[in-house]
Amino acid sequence: MRFLYRTLANLIYPFLIILIFLRKIFKKEDSKRYKEKLFSHSFDVNKDKNSRLIWFHAASIGELKSILPIIEELDKQKNINFEFLVTTITVSSANLAKKELVRFKNAKHRFFPLDVNFLIKKFLYLWRPEAIILVDSEIWPNLIFLAKDRKVPMAIINARITKKTFKRWMMFPKIAKSIFGIFELCLVSNPETKKFLENLNAKNIFSFGNLKFCETY
């Protein structure tokens with residue numbers, strides 16, 4: 001199934017390029033930075049080689065707001081030289097990131113590349129994160145499997161799985177359990193998600209409520 005997903009992603013990649021170009025025309029993509037999603041030469045990698053890079057992926061505005069307090073707390077650690085990479089998907093979240101991340105001297109925003117095997121592999125190679133934290137329901141199989149191959153620890157925070165989504169995952173139970181079993185830590189937003197993740201072979205599952213209610217500015 002992993003091979004099938006990777007093959008399908010490669011096959012539709014040209015069509016996704018066309019789609020994003022069309023979205024740019026209709027002003028649904030950043031007119032200057034949309035290529036960050038499509039081509040490795042546009043990844044614009046700029047990191048401190050002596051830092052420990054933590055990569056947060058938050059799809060849009062709500063998810064981005066929820067991780068700002070976490071970055072703020074990690075940034076207070078004096079004995080570890082952390083650096084933060086935040087990726088999002090939407091233009092609105094990119095605009096918010098530009099505004100909010102300026103208060104951190106060691107935080108950068110980039111658009112999340114398409115979950116195509118060779119793009120994600122290059123992204124991981126260039127940025128070399130020491131840990132990856134996905135937010136909410138951002139499950140991208142190529143990223144998760146390639147991170148495992150590189151032995152990069154992964155966590156999912158504010159995890160949210162609906163009954164409908166769970167049933168979809170259980171149509172492919174073997175691949176679903178192999179994906180969710182990779183996460184080293186799962187912080188869930190509700191008890192229902194905790195139950196679903198237990199059935200999906202996840203480990204280290206904890207519930208602290210919805211992080212979106214803990215936003216700070």
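Note that the numbering runs from 1 along the sequence shown for the chain.
Residue pairs meeting the side chain to side chain donor-acceptor pair (under 3.5 Å) criterion with at least one member in residues 13-24, sequence neighbours excluded: R23-E29. Within the structure, the salt bridge (charged side-chain N to carboxylate O under 4.0 Å, His left out) test picks out no pair touching residues 3-20 (sequence neighbours left out). Among residues at least two apart or in separate chains, there is no salt bridge (charged side-chain N to carboxylate O under 4.0 Å, His left out) pair with a member in residues 164-178.
Side-chain rings of W169 and F180 approach one another, their centers coming within less than 6.0 Å.
Checking N106 against D75 by side-chain atom types alone, a donor-acceptor pair falls below 3.5 Å. Defined by atom type and a distance below 3.5 Å, a donor-acceptor pair is missing between the side-chain atoms of S66 and E63.
For K35, there are no side chain to side chain donor-acceptor pair (under 3.5 Å) partners at least two apart in sequence or on another chain. R110 meets the salt bridge (charged side-chain N to carboxylate O under 4.0 Å, His left out) test with D44; sequence neighbours excluded. Taking the ring-ring contact (aromatic ring centres under 6.0 Å, His included) definition, one finds that F145 meets it with nothing, sequence neighbours left out. Checked against salt bridge (charged side-chain N to carboxylate O under 4.0 Å, His left out), K108 has the following partners two or more places apart in sequence or in another chain: E83. Applying the salt bridge (charged side-chain N to carboxylate O under 4.0 Å, His left out) rule to R33 yields the partners E36; only residues at least two apart in sequence or on another chain are considered. Under the side chain to side chain donor-acceptor pair (under 3.5 Å) criterion, S92 pairs with T90, not counting sequence neighbours. The salt bridge (charged side-chain N to carboxylate O under 4.0 Å, His left out) check on E192 picks up nothing, with sequence neighbours excluded. With sequence neighbours excluded, the residues forming a side chain to side chain donor-acceptor pair (under 3.5 Å) with D149 are R2, listed by chain and number. Remark: E130 pairs with R52 by the side chain to side chain donor-acceptor pair (under 3.5 Å) rule, at least two apart or across chains.
Here CD1 of I67 is found 7.5 Å from CG of L101. Values are rounded to the nearest 0.5 Å.
No salt bridge links K195 with E198; every basic N to acidic carboxylate O contact stays at or beyond 4.0 Å. Taking the charged nitrogens against the carboxylate oxygens, R103 and E72 do have a contact shorter than 4.0 Å, which makes a salt bridge.
T165 contributes no side-chain N or O that, together with a main-chain N or O of I161, makes up a donor-acceptor pair within less than 3.5 Å. Of the possible polar contacts, none joining the R150 side chain to the A147 backbone as a donor-acceptor pair under 3.5 Å is found. Distance alone, capped at 3.5 Å, is enough to place a donor-acceptor pair between the D115 side chain and the L143 backbone.
Ring planes of W140 and F112: tilted class, angle from 30 to 60°.
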